[in-house]
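Presented below is the structure to which this report refers.
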Amino acid sequence: MIIKPGNLQGIYDITLAPNTDHRGYFTRLYDVNIMMAHGLHRNWVQENRSFSKQKGTIRGLHFQHEPHAETKLIWVSKGSILDVFVDVRQDSPTFGCYESRVLTEENFAMVYISPGFAHGFCTLSDNCEVVYKVDNVYSPAHEGGILWKDASLQIPWPVDQPIMSAKDQVLPTLDTLKRRD
């Protein structure tokens, strides 16, 4: 497992190290000792699976307000996605900045996202399966989100007319979030 900090404080890129042979491969998805050595071990309380049938599906950008803010550990078990995370920590010097990663079942890449980031993704292939661990229990009363096409973020999504939930299509803008808190 190779762990490197991202450009935004609280984001870590994790590359798994599969052992391959003529049968296929074996890889460790989580190692408590390695994560503890990097200060990234969490008490994961939920593991979630998201399946999207069609390429061009966007889910997000979602986050949880305190006291239910959550750390996420994201990986793709099938297909490929553009994974996006936006800093929504109002006291952060990178508030409103985003990063993205392409995660695929072939590149063995994971992303560790600390609390205070809105998260979403766009499927780059049909039949995508995204699995992620979280370290806090989901609370509907504490959910938040940012509109995927918020002009202030200028995220270069790979699709203009995404497949989305009705709820995600009407999330507020980052400016609205600033005024709320």
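Values reported hereafter were calculated over all heavy atoms of this structure, with side chains retained and with hydrogens, waters and symmetry mates removed.
Residues satisfying the ring-ring contact (aromatic ring centres under 6.0 Å, His included) test with H142, not counting sequence neighbours, are H68. Remark: Y112 pairs with R42 by the side-chain hydrogen bond (donor to acceptor under 3.5 Å, both in side chains) rule, at least two apart or across chains. A search for side-chain hydrogen bond (donor to acceptor under 3.5 Å, both in side chains) contacts involving D13 returns R101, not counting sequence neighbours. Not counting sequence neighbours, the partners of D21 by the side-chain hydrogen bond (donor to acceptor under 3.5 Å, both in side chains) test are R23. For T15, the side chain to side chain contact (heavy atoms under 4.5 Å, CB included) criterion is met by I2, not counting sequence neighbours. Listed by chain and number, the residues in a side-chain hydrogen bond (donor to acceptor under 3.5 Å, both in side chains) with K4 amount to none (sequence neighbours excluded). Residues satisfying the ring-ring contact (aromatic ring centres under 6.0 Å, His included) criterion with Y25, sequence neighbours excluded, are F108.
L29 is connected to W44 through a chain of hydrophobic side-chain contacts under 4.5 Å among Ile, Leu, Val, Met, Phe, Trp and Tyr, so both are in one cluster. A chain of hydrophobic side-chain contacts below 4.5 Å, direct or via other Ile, Leu, Val, Met, Phe, Trp or Tyr residues, connects V84 to M164. I155 and I81 sit in two unconnected hydrophobic clusters of ILVMFWY residues. Membership requires side-chain heavy atoms under 4.5 Å apart, directly or through other members. Clustering ILVMFWY residues whenever any of their side-chain heavy atoms sit less than 4.5 angstrom apart, transitively, puts I34 in the very cluster that holds W75.
Judged by distance alone, with hydrogens and angles left aside, the side-chain atoms of E105 form no donor-acceptor pair with the main-chain N or O of V76 at under 3.5 Å. Side chain of E70 to backbone of F63: no donor-acceptor contact under 3.5 angstrom is found. Of the possible polar contacts, none joining the T104 side chain to the S80 backbone as a donor-acceptor pair under 3.5 Å is found. Q46 places no side-chain N or O within donor-acceptor distance of the main-chain N or O of D135, the cut-off being under 3.5 Å. A distance-only check finds a donor-acceptor pair linking the side chain of N107 to the backbone of V102 [under 3.5 Å].
Between C128 and G79, the shortest heavy-atom distance links the atoms SG-CA, 4.0 Å. Closest heavy-atom contact between D87 and S92: OD2-OG, 2.6 Å. Between A69 and P115, the closest heavy-atom pair is CB-CB, 3.9 Å. A pairwise comparison of heavy atoms in L153 and G96 identifies CD2-O, 3.3 Å as the closest pair. For the pair V131 and S77, the tightest heavy-atom approach, listed with the atom from each and the gap, is CG2-OG, 3.8 Å. For the pair P156 and L82, the tightest heavy-atom approach, listed with the atom from each and the gap, is O-CD2, 4.3 Å.
Clustering of Ile, Leu, Val, Met, Phe, Trp and Tyr side chains at separations under 4.5 Å places V45 together with V137. The hydrophobic cluster around V170 extends to none of the other residues, as no ILVMFWY side-chain heavy atom falls under 4.5 Å of it.
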Under the side chain to side chain donor-acceptor pair (under 3.5 Å) rule, what do H62 and D168 come out as? Steps first, then yes or no, please. CA-CA 9 Å; H62 306 137; D168 285 355; 2.7 Å; yes
For the pair I146 and T176, evaluate side-chain contact (heavy atoms from CB on, under 4.5 Å) and give the outcome as yes or no after the intermediate values. CA-CA 9 Å; I146 300 171; T176 303; over 6 Å; no
When you look at V159 and C122, which way does the side-chain contact (heavy atoms from CB on, under 4.5 Å) test go after all the steps? CA-CA 8 Å; V159 62; C122 179; 3.7 Å; yes
Step-by-step side-chain contact (heavy atoms from CB on, under 4.5 Å) determination, L40 to Y12: CA-CA 9 Å; L40 302 178; Y12 294 87; 3.6 Å; yes
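Side-chain contact annotation: D83 with H119, donor-acceptor N/O pair under 3.5 Å present. Side-chain contact of E143 with Y138: a donor-acceptor pair under 3.5 Å is present, judged by distance alone.
Note that the CG atom of L8 and the CZ atom of F117 stand 5.0 Å from one another [nearest 0.5 Å]. In this structure, OG on S165 lies 7.5 Å from CG on L171, to the nearest 0.5 angstrom. Note that OH of Y98 is 11.5 Å distant from CG of N7, once rounded to the nearest 0.5 Å. The OG1 atom of T20 sits 13.0 Å away from the CZ atom of F26 when rounded to the nearest 0.5 Å. Here the straight-line distance linking atom CG of L147 with atom OG1 of T173 works out to 7.5 Å at 0.5 Å rounding. To the nearest 0.5 angstrom, N43 atom CG is 10.0 Å from N136 atom CG.
Two residues are said to be in side-chain contact when any heavy atoms from C-beta on lie closer than 4.5 Å; R28 and L16 fail this criterion. Residues V134 and Q64 are not in side-chain contact: their nearest non-hydrogen atoms beyond the backbone lie 4.5 Å or more apart. With contacts defined as side-chain heavy-atom distances shorter than 4.5 Å, the pair M110/L103 does not qualify. Annotation: side chain of I74 is not in contact with side chain of F121 (no heavy-atom distance under 4.5 Å). By the 4.5 Å heavy-atom criterion applied to side chains, I113 and T71 are not counted as neighbours. For the pair F95 and R89, the minimum side-chain heavy-atom distance is 4.5 Å or more. Using a 4.5 Å heavy-atom cutoff, the side chains of F85 and V111 are in contact.
Among residues at least two apart or in separate chains, side chain to side chain donor-acceptor pair (under 3.5 Å) pairs with a member in residues 144-153 are D150-S152. Here salt bridge (charged side-chain N to carboxylate O under 4.0 Å, His left out) pairs that include residues 120-132, with residues two or more places apart or in two chains, are R49-E129.
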Just list the side-chain donor-acceptor pairs under 3.5 Å for residues 51-58, sequence neighbours left out, or say none.
residue: S52; atom: OG; partner: R59; partner atom: NE; Å: 2.9
residue: S52; atom: OG; partner: R59; partner atom: NH2; Å: 3.4
residue: T57; atom: OG1; partner: Q54; partner atom: O; Å: 2.7

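Annotation for Q9: atom CD does not count as buried by contact number, only 12 or fewer foreign heavy atoms lying within 6.0 Å.
With salt bridges taken as basic N to acidic carboxylate O contacts below 4.0 Å, one links K133 and E47.
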